[in-house]
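See below for the structure under consideration.
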Amino acid sequence: MIISAIELREIRLPLIHFFETSFGRTTERRIILARVIDKDGAEGWGECTAGEGPFYCEEWTETAWTTLKEFLAPMVVGQQVENAEGVNGLIRKVRGNRMAKAAIETACWDLEAKRAGLPLWKHLGGVHTEIACGVSIGIQESPELLLEKIARELAAGYQRIKIKIKPGWDIDIVRKVRAQFPEIRLTCDANSAYTLADAPLFKALDEFNLMMIEQPLAHDDMFDHAELQKQIKTPICLDESVRSAAEAGHAIDIAACRIVNVKLGRVGGHAEAKRVETVCREHSIPVWCGGMLESGIGRAHNIAMATLAGFTLPGDVSASSRYWQEDIIEPPVTVRSRGTITVSNKPGIGFEVNRSRVDSLTMRCELITS
Ligand code: OSB
Ligand code: MG
């Protein structure tokens, strides 16, 4: 395959409701989209999942834009590459910047699947045709509001509720949620808001029968997580601190977690996500698909990835209508009453990109050619 051009765009997309985590509140997304075009004019779409500031990880919209435009796109255009799997080889020289890389890499997978006339999920080697969905509910203005939101999501059929926690919004909140919903599958995500000194808090959380606690400690740590996992019964799930299959292997080796959240952007695209899934599956570590408040393009890629065999737990992949007044793909992603998404069997990501809507949301656009 030869990519003859890459179009980068930044779109702004306001969220229906703000989303708050321990590191801050998001009201409007600034999303970079990558469209790769081959010499025959076939195209593929990818999304960069970097946030609006360097808070989840080092990357953010502005650094990803510059890295894509100045380095990554020029390294890919005009180069012969065997397949989408091989795209990483062209951009290996660039360290880190995985979310920027994933925008191009995932777009190449979409293109390749379309050229083969295959749905992306099949092209990736997926096996599930229906994926289990959970929701991630941000920090709310009051506990009552959180309980209301949970009730609404359960009524919509979602199979698992994840709540965001931070110091001051943790054990009392979990206690209230459990009191109201004693049987639900419940998890919490701290986005690195705690240290090992908070071990007593996590021991106290053991009584609430959480499916897992996601990334309680530092974003770049594994060793303290291993120490914490020794002290608590609740499984730890790593998000931020697993950025590659190698790191997944290390985390498993030192027992830093019992579950892994896989995000395409965080690991640099589908090829690496597949390797993470493989390492985890071979060690009987369940994985699930995380979310980064993606538009429909990133969401469609997430759905395809979540069809891989090792994805056995409900992911943070939910309906477009939870985030956007109107998505940028057609049809929007919808969730069935039993809390699942049925995969699309159309070629590539399986959804049409609404070009006029994307155009109307575009703040800047750059075409990189060879
Ligand atoms: O840690 O999983 C996370 C959103 C932004 C940044 C980090 C995270 C999240 C979510 C949202 O939890 C998941 C979603 O897209 O609904
Ligand atoms: Mg997380």
Side-chain angles (χ1 to χ4, degrees), residues 13 15-31 47-61 64 98-99 102 131-140 146 149-150 153 156 158-166 169 186-194 210-221 225 235-243 251 257 259-267 287-303 305-306 313-324 327 333 335 339 341:
L13 205 51
L15 286 162
I16 291 178
H17 302 289
F18 68 80
F19 188 81
E20 188 170 324
T21 68
S22 63
F23 58 77
R25 187 179 280 194
T26 308
T27 53
E28 185 184 57
R29 294 295 331 280
R30 292 179 61 191
I31 297 171
E47 173 168 342
C48 177
T49 61
E52 290 65 40
F55 308 124
Y56 167 82
C57 68
E58 293 89 338
E59 287 184 273
W60 61 293
T61 311
R98 293 177 176 83
M99 291 173 167
I131 64 161
C133 308
V135 288
S136 174
I137 305 181
I139 292 161
Q140 303 295 313
L146 175 65
K149 287 214 163 178
I150 293 172
E153 303 294 8
Y158 287 103
Q159 299 184 11
R160 179 228 65 192
I161 301 290
K162 159 172 144 185
I163 62 171
K164 292 291 191 178
I165 57 167
K166 67 172 181 182
W169 181 273
L186 182 64
T187 81
C188 64
D189 185 358
N191 289 108
S192 300
Y194 299 89
L210 301 175
M211 279 178 86
M212 70 193 87
I213 296 173
E214 188 177 338
Q215 198 72 33
L217 311 180
H219 71 97
D220 52 359
D221 165 78
H225 280 100
I236 289 177
C237 169
L238 290 180
D239 174 353
E240 282 88 331
S241 47
V242 170
R243 297 166 305 176
C257 65
I259 298 172
V260 171
N261 163 332
V262 186
K263 289 180 179 169
L264 279 169
R266 199 191 69 229
V267 304
V287 305
W288 54 279
C289 176
M292 292 296 289
L293 311 175
E294 287 92 343
S295 81
I297 293 174
R299 200 164 294 281
H301 279 285
N302 287 344
I303 294 167
M305 176 182 76
L313 298 175
D316 280 346
V317 191
S318 48
S320 299
S321 62
R322 292 188 65 248
Y323 306 83
W324 322 115
D327 206 332
V333 173
V335 170
I341 293 172

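Predicted model, so just to flag it, every value in this text is computed and none were measured. Atoms within each ligand, like the ligands themselves, are counted from 1 in listed order.
Ion pair R160/D316 flagged as a salt bridge, since at least one NZ, NE, NH1 or NH2 atom sits closer than 4.0 Å to an Asp/Glu carboxylate oxygen. Comment: R322 engages E153 in a salt bridge, judged by a side-chain N to carboxylate O separation of less than 4.0 angstrom.
In the vicinity of Y56, heavy-atom distances shorter than 4.0 Å reach the ligand 1 atoms 7 (C). Residue N191 approaches ligand 1 through these ligand atoms, each under 4.0 Å from one of its heavy atoms: 1 (O), 3 (C). The distance from ligand 1 to the heavy atoms of S136 drops below 4.0 Å at these ligand atoms: 10 (C), 11 (C), 12 (O), 13 (C). When each atom of ligand 1 is checked for a heavy atom of D239 under 4.0 Å away, the hits are 1 (O), 2 (O), 3 (C).
Residue R322 places no heavy atom under 4.0 Å from ligand 1.
For ligand 1, the polar-atom distance check finds no N/O of S318 at less than 3.5 Å from any of the ligand's N/O atoms. By the 3.5 Å distance cut-off applied to N or O atoms, D189 is counted among the residues near ligand 1. Residue contacts with ligand 1: K263 is placed with a nitrogen or oxygen under 3.5 Å of a nitrogen or oxygen of the ligand (distance criterion only). Looking at R299 next to ligand 1, no N or O pair under 3.5 Å apart turns up. At a 3.5 angstrom cut-off on N or O pairs, L293 counts as close to ligand 1.
When atom types are taken as modelled, the side chain of T187 and the backbone of M211 share no donor-acceptor pair closer than 3.5 angstrom. Using modelled atom types, one side-chain atom of T61 and one backbone atom of G51 make a donor-acceptor pair closer than 3.5 Å. Checking side-chain atoms of R299 against main-chain N and O of V333 turns up no donor-acceptor pair under 3.5 Å. For the pair S22 (side chain) and A190 (backbone), a donor-acceptor distance under 3.5 Å is present.
Taking the centre and axis of the six-membered ring of Y323, the NZ or CZ atom of R29 falls outside the cone set by 45° and 6.0 Å.
Taking atom 6 (C) of ligand 1 as the reference point, the nearest protein heavy-atom neighbour is M292 SD, 3.6 Å. Considering only non-hydrogen protein atoms, atom 14 (C) of ligand 1 sits nearest to Y323 OH, 3.4 Å. The closest protein non-hydrogen atom to atom 4 (C) of ligand 1 is F19 CE2, 3.6 Å. When only non-hydrogen protein atoms are considered, atom 13 (C) of ligand 1 lies nearest to G291 O, 3.5 Å.
Annotation: the span from S192 atom OG to F23 atom CZ amounts to 9.0 Å, rounded to 0.5 Å. A distance of 8.0 Å separates CD in E240 from CG in N261, rounded to the nearest 0.5 Å.
A donor atom on one side chain and an acceptor atom on the other are not found under 3.5 Å apart for T49 and E294.
Draw a line from the Mg ion (ligand 2) to OD2 of D239 and another to OD2 of D189, and the angle between them is 180° (to 10°).
Within E214, the N, O or S atom at minimum distance from the Mg ion (ligand 2) carries the name OE2.
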